*Asks:* 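Can you keep this structure in mind? I'll have questions shortly.
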Amino acid sequence: MSVPDLVARDLAAVWHPFTQQALWPSDDPLVIDRGRGAHLFDTDGNRYLDGVSSLWVTVHGHGEPSINAAIREQAERLDHSTFLGLTHEPGIRVAEELLRVAPRGLGKVFFAGDGSSAAEAAIKIAYQAAVQRGEDRPLYVHCAEGYHGDTLGAVSLGGVELFHATYRPLLIETRMVASPGIMEPGQSRAERAAQVLAEMRGVLHREGERVCAIVVEPLVQAAGGILTHDPSFLVGVRRLCDEFGAAMLVDEVATGIGATGRWFAVDHAGVEPDLMVVGKRLTGGVLPLSAVLVRDSVYEAFLGDAASGRTFFHGHTYTANPLCCAAALANLALMHERGTVARAAAVGERLGALLEPVGEHEGVREVRRVGTMTGIEVLPVTERTGFAVCSAARRRGVIIRPLGDVVVLMPPLAITDGDLDELVGVVAESLDEVLA
Ligand code: PMP
């Protein structure tokens with residue numbers, strides 16, 4: 001079937017996420033047919049480098065044989081069984097493997113499906129744990145420009161006006177402080193961290209007894225535009241949580257499983273959170289699986305007899321689906337075997353070096369990067385400048401996606417040097433074309 005035919009059928013039947021459907025048909029839609037390594041191929045056989053790792057998930061590459069084989073084997077043995085009150089070995093093993101690489105102090109794993117659904121579970125766990133300790137803490141503290149997913153609890157803790165403002169009347173009550181990743185003129189990252197921590201402290205002085213959790217995206221506010229902050233911010237949040245009896249809830253959906261060049265972003269700051277949300281890369285970018293890792297003391301607040309009402313009445317039909325778990329186990333095994341986290345750190349270093357000239361471009365405001373997570377903020381020359389740069393890259397065989405005027409690069413963690421050089425080369429040419 002030809003691309004125009006498929007696009008026509010798509011338009012007749014499908015509604016795409018985060019997509020203005022009125023513009024999509026004129027934005028040169030691609031129909032993706034297959035993937036191999038760092039590349040995607042459309043139905044006409046054109047090859048594209050996957051510069052955003054299929055929305056920040058691909059670890060080793062598309063079509064990784066050992067992940068595919070693990071899914072096939074698991075499908076032959078057990079395709080699905082509920083995790084509500086039953087268990088299975090793949091689920092147990094993923095939990096064990098996650099705890100093996102997680103920051104110390106985290107002792108239990110609660111599974112979900114997507115990042116949003118795990119964020120949602122974490123938000124409820126933090127509140128219910130406080131209730132069951134006999135505390136009245138219905139408030140959360142979070143940062144402007146934060147993003148934790150699109151379900152309403154996650155939106156409540158979000159701070160990206162474009163995505164979240166519409167829903168304000170529907171949301172739970174929170175206290176939002178400034179973004180630690182947007183510096184005032186002349187301000188250093190460390191100064192900004194201290195300033196936002198002082199603002200948080202002010203909020204906690206007034207209402208700390210009512211706050212169940214401080215919620216942060218550690219080191220990188222990703223969807224907010226790859227806004228990066230100083231690790232001292234995380235150290236300060238940990239201290240405030242301890243001082244005011246709030247849980248430290250970190251959302252590692254975007255940063256976790258290697259993207260920053262460490263297993264988790266909090267590892268850069270040596271901080272141990274109370275709740276940690278992971279998703280995206282957990283299965284190597286193949287199937288949806290997410291989880292909340294919690295400290296034992298949080299978990300213990302949920303123990304009691306049937307009449308105590310302390311059960312966590314929360315879970316999804318496909319929670320810990322065995323095929324997803326098999327993919328996660330194969331991915332994590334490969335990551336250990338191949339040293340993928342160290343490779344991601346090396347990829348990040350190379351990206352940084354290759355992007356140095358891009359940072360000098362007069363149309364570029366700033367290049368921000370932690371590990372492989374990269375944002376190139378351009379000075380607007382049209383209504384959709386970031387989009388125009390990504391379109392120019394598409395014509396040169398590279399798929400990337402902007403966040404407003406921030407061009408995001410997030411290659412597969414195991415991308416080869418050759419593919420990385422091509423990615424940056426095409427991005428530099430595309431910036432030249434659009435910003436000339
Ligand atoms: N948290 C963060 C930090 C994210 O970046 C995202 C997705 N980009 C989510 C949560 C939501 O994850 P999902 O899209 O899988 O629901």
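The model shown is predicted, which means the values in this text are computed figures rather than measured ones. Indexing begins at 1, ligand by ligand and atom by atom, following the structure's order.
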*Asks:* For each nitrogen or oxygen atom of ligand 1, which protein N/O atoms lie closer than 3.5 Å, and how far apart are they, rounded to 0.1 Å?
*Replies:*
residue, atom, partner, partner atom, Å
ligand 1, 1 (N), Asp251, OD1, 3.2
ligand 1, 1 (N), Asp251, OD2, 2.6
ligand 1, 8 (N), Lys280, NZ, 3.1
ligand 1, 12 (O), Ser116, N, 3.4
ligand 1, 15 (O), Gly115, N, 2.8
ligand 1, 16 (O), Gly115, N, 3.3
ligand 1, 16 (O), Ser116, N, 2.8
ligand 1, 16 (O), Ser116, OG, 2.6

*Asks:* List the steps, then state whether ring-ring contact (aromatic ring centres under 6.0 Å, His included) holds for Phe41 with Tyr48.
*Replies:* CA-CA 6 Å; Phe41 297 81; Tyr48 301 89; 8.5 Å; no
*Asks:* May I ask you to say whether Arg168 pairs ionically with Glu161, meaning some side-chain N is under 4.0 Å from a carboxylate O?
*Replies:* yes
*Asks:* For residues 274-295, pull every pair meeting salt bridge (Lys or Arg N to Asp or Glu O under 4.0 Å), keeping only residues two or more places apart or in separate chains.
*Replies:* Arg238-Asp274, Asp274-Arg295
*Asks:* Can a salt bridge be assigned to the pair Arg394 and Asp27 using a cut-off of 4.0 Å between side-chain N and carboxylate O?
*Replies:* no
*Asks:* Does Arg93 CZ have over 12 foreign heavy atoms under 6.0 Å away?
*Replies:* no
*Asks:* Using the side-chain contact (heavy atoms from CB on, under 4.5 Å) definition, which of the options Met176, His164, His142 pairs with Leu157?
*Replies:* His142
